[in-house]
Amino acid sequence: MKIAIASDHGGFELKQKLITYFKTQNVPIDDLGTHSPDSVDYPDYAHKIAAYILNRKADLGILICGTGIGASIAANRHKGIRAALVYNNFVAEMAKKHNDANILVFGGRTMDFDDVVSYITTFLNASFEGGRHQKRINKIEME
Ligand code: RB5
């Protein structure tokens with residue numbers, strides 16, 4: 001399992017904490033930036049991690065902006081990206097079981113580090129149920 005992570009300035013602090021956490025867990029993680037707390041534009045990082053996932057350079061993306069909203073909107077413009085703004089453990093479980101999300105989105109200004117670690121762990125421990133949920137995923141894309 002290779003994870004990629006990206007954020008704007010609103011998610012920078014949480015991103016750095018998560019990178020430290022994953023390193024202590026010996027989980028490989030690619031940091032796609034931003035690399036300082038200076039102001040940047042969240043779509044740049046959403047598009048960067050979306051391309052990374054679509055090119056199969058990582059299995060899961062973690063994307064953070066201030067609220068998670070702008071990053072979610074931007075990432076989900078990419079065909080094949082299913083970016084889930086996860087805000088509790090039930091949603092984390094469903095994001096895997098029903099939505100087979102390939103990017104998890106968090107709010108750096110709205111969520112606590114410990115809660116986010118818990119959401120990620122819940123997601124990683126769940127399995128996509130396929131079946132009717134795969135059929136629904138197939139219906140998401142429009143020409
Ligand atoms: C940046 O100030 C902020 O707008 C951004 O991080 C995000 O919350 C947008 O949805």
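Because the structure is predicted, anything quoted here is derived from the model rather than measured. Reckoned from all heavy atoms, side chains included, excluding hydrogens, waters and symmetry mates. By convention here, the first residue in the shown sequence is residue 1. Indexing begins at 1, ligand by ligand and atom by atom, following the structure's order.
- Minimum interatomic distance between Leu32 and Ala4 (heavy atoms only, all atoms of both residues): CD1-CB, 4.3 Å.
- The closest donor-acceptor contact from the side chain of Asn102 to the backbone of Leu60 lies at 3.5 Å or more, if one exists at all.
- In this structure, Asp100 pairs ionically with Lys96, as a charged nitrogen and a carboxylate oxygen lie closer than 4.0 Å.
- A distance limit of 4.0 angstrom between heavy atoms and ligand 1 selects the residues Asp8, His9, Tyr42, Cys65, Gly66, Thr67, Gly70, Arg109.
- Shown here is Lys2, whose NZ atom has more than 12 heavy atoms of other residues, nucleotides or ligands within 6.0 Å.
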Exercise. Which is it for Ile120 and Phe106 under the side-chain contact (heavy atoms from CB on, under 4.5 Å) test, yes or no, and what are the steps along the way?
Worked result: CA-CA 10 Å; Ile120 294 169; Phe106 302 108; 3.7 Å; yes

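- Neither side chain, Asp8 nor Thr34, offers a donor N or O lying under 3.5 Å from an acceptor on the other.
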